[in-house]
Amino acid sequence: MSHLSPRLRAIGTALPDHLLTQQQVLEILAKDKGKALPARLADILGNTGIERRHIAMPPEYYFSERSWSGRAQVYEDAAARMFQDAAKIALDRAGLAPADIGQIVFVSTTGTMTPSLPSRMIAAMGFAPDTRCVPLFGYGCAGGAIGLGVAADLFRASPEKPVLLVSLELCSIAYDHSRMDKKDMVALALFADGCAAAVVGSGEGPELSAFASHIWPETLDMMGWEIGETGFDLVLARNIPSFVNSDFAPVCDAFLEKQSLAKADLGESACHPGGGRVVDALAEYLEDDLAETRAVLRNNGNMSSPTVLFVLEQVLAKGPISKPMLMTALGPGFVGAMGVLRP
């Protein structure tokens, strides 16, 4: 069997139509409450490192009563559009047609469909009927990095055709503004919608060298979903920035050591930016300002799984990498995902 090194051929990204600034969020909430926001909430919203985000529906939609079926319909419609937009850009940049793809890895934790969204895209976009569809659910913010590792492994196993990864989240449809407890405020302050697609194959582009993940026992309460009466309800607890320094840093050190790398050997890293303080903790650990990670957070918010691929696109847009590059993402599990791309 041929063991071609999987390479990242191209990335494409897509955003939904509705742009929301953090200032608008403050104004919309104050209007909904009928009074000025408490200083604490204004501080939470103002200290995220986010200036603007995109969401699938107009702001007033999110203040109407939620239902499972209504949110599922929003997911189905918006996800199909964003999947096609991001995938088309990635395929065009790689010089490929949908029929050239052998496998589609689809990462999403904010909605689910059966048949899966990639299965529905076979006819809509012109993928071959024998294209293998691999949906991945439940990884949350770690899904973009984990999905890229899975796509690389699938290409190693079947290198005859490139693999398409699509990572898509509609975090906004999990907001619950009727309750507005602390975690709902945090969700409103941080989360957004977006989609990223990546083509993995042979040829040009950085080598997808090694990927790993680490799950910490006893941390199920840190991040995830509970099933509420009207859909997914956010679970978000504990101090993730301090967790980066105490628990994630030694795991990442061990991963780099296994790749015969030190932090000093790395170029700019592509990290999933959970929020402003999480980026600060990662920057301190990596001794890297993480300029593109911060820029994606500032302009797009935390889109969950695709966010790290948006960062990767920005770093690679500067030109071919000359040093090994680290990818990191933290998500429900609680899981830390890591990857190394080499020139």
Side-chain angles (χ1 to χ4, degrees), residues 5-11 13 49 139 141-153 155-156 165 167 196 198 200 204-214 216 240-298 300 302 305-331 334-343:
S5 293
R7 296 190 176 270
L8 181 59
R9 294 274 303 273
I11 298 176
T13 56
Y139 287 117
C141 294
I146 288 172
L148 195 58
V150 170
D153 287 344
F155 179 74
R156 282 190 192 94
L165 165 69
S167 178
V200 174
E204 296 296 310
E207 180 190 352
L208 299 170
S209 171
F211 285 80
S213 61
H214 182 96
W216 287 268
I240 294 170
S242 66
F243 187 88
V244 168
N245 294 314
S246 60
D247 295 70
F248 179 65
V251 166
C252 200
D253 284 340
F255 170 70
L256 288 171
E257 191 178 334
K258 201 170 177 185
Q259 309 311 315
S260 304
L261 291 170
K263 287 186 284 190
D265 300 325
L266 302 172
E268 182 174 349
S269 296
C271 299
H272 169 74
R277 289 172 56 232
V278 176
V279 179
D280 289 342
L282 288 164
E284 184 184 343
Y285 160 62
L286 290 167
E287 297 160 24
D288 174 353
D289 186 50
L290 301 176
E292 298 306 329
T293 297
R294 293 183 192 277
V296 167
L297 181 67
R298 186 166 60 248
N300 301 99
N302 180 346
S305 66
T307 320
V308 74
L309 299 169
F310 275 70
V311 177
L312 193 53
E313 179 186 41
Q314 292 289 105
V315 176
L316 296 176
K318 295 176 174 178
I321 58 172
S322 57
K323 292 180 171 183
M325 178 185 184
L326 177 69
M327 276 181 86
T328 71
L330 297 164
F334 193 72
V335 65
M338 300 146 287
V340 168
L341 285 72
R342 294 183 185 266

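Under the side-chain hydrogen bond (donor to acceptor under 3.5 Å, both in side chains) criterion, E268 pairs with K318, not counting sequence neighbours. Residues passing the salt bridge (Lys or Arg N to Asp or Glu O under 4.0 Å) test with E257: none are found, sequence neighbours excluded. Evaluation of the side-chain hydrogen bond (donor to acceptor under 3.5 Å, both in side chains) rule for S209 yields R342 as partners, not counting sequence neighbours. For L148, the side-chain contact (heavy atoms from CB on, under 4.5 Å) test picks out L8, L165, A198, V200, L208, F211, L309, L312, M327, with sequence neighbours left out. Contacts of Q314 classified as side-chain contact (heavy atoms from CB on, under 4.5 Å), with partners at least two apart in sequence or in another chain: E292, V296. Here A254 pairs with nothing under the side-chain contact (heavy atoms from CB on, under 4.5 Å) rule; sequence neighbours left out.
Under the 4.5 Å side-chain criterion, counting only non-hydrogen atoms from C-beta, L341 is not in contact with E207. Annotation: side chain of D153 is not in contact with side chain of P6 (no heavy-atom distance under 4.5 Å). At least one side-chain heavy atom of L316 sits less than 4.5 Å from a side-chain heavy atom of P206. Two residues are said to be in side-chain contact when any heavy atoms from C-beta on lie closer than 4.5 Å; F248 and L282 meet this criterion.
Contact record, P343 with P324: CD-N, 4.0 Å, taken as the closest heavy-atom pair. Of all the heavy atoms in P306 and S167, the pair that sits closest is N-OG, 3.2 Å. Across all non-hydrogen atoms, the minimal contact from W216 to V251 is CZ2-CG2, 3.6 Å. Listed here is the closest heavy atom pair of A142 and A329: CA-CB, 3.8 Å.
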Taking it one step at a time, do Y285 and C252 satisfy side-chain contact (heavy atoms from CB on, under 4.5 Å)? CA-CA 10 Å; Y285 160 62; C252 200; 3.2 Å; yes
Apply side-chain contact (heavy atoms from CB on, under 4.5 Å) to L256 and L326, showing your working. CA-CA 9 Å; L256 288 171; L326 177 69; 4.1 Å; yes
Take V278 and H272 through the side-chain contact (heavy atoms from CB on, under 4.5 Å) test and state the conclusion after the steps. CA-CA 9 Å; V278 176; H272 169 74; over 6 Å; no
With side-chain contact (heavy atoms from CB on, under 4.5 Å) as the criterion, how do L330 and V335 come out once you've worked through the C-alpha distance, each side chain's angles and the decisive distance to 0.1 Å? CA-CA 6 Å; L330 297 164; V335 65; over 6 Å; no
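Here the CG atom belonging to D253 is positioned 10.5 Å from the CE atom belonging to M338, to the nearest 0.5 angstrom. Atom CD of E313 is separated from atom OG1 of T13 by 4.0 Å, given to the nearest 0.5 angstrom. Here the straight-line distance linking atom CG of D265 with atom OG of S260 works out to 9.5 Å at 0.5 Å rounding. Interatomic distance, L286 CG to E284 CD, rounded to the nearest 0.5 Å: 10.5 Å.
With salt bridges taken as basic N to acidic carboxylate O contacts below 4.0 Å, none links D288 and K263. A salt bridge links D280 with R294: at least one charged nitrogen is closer than 4.0 Å to a carboxylate oxygen.
Of the candidates V308, N302, T307, T307 is the only one forming a side-chain contact (heavy atoms from CB on, under 4.5 Å) with P273.
Using a distance-only test at 3.5 Å, with no hydrogens or angles considered, no donor-acceptor pair links the side chain of N245 to the main chain of S242.
Between F334 and F243, the angle of the ring planes goes over 60°, which puts this pair in the perpendicular group of the 30/60° scheme.
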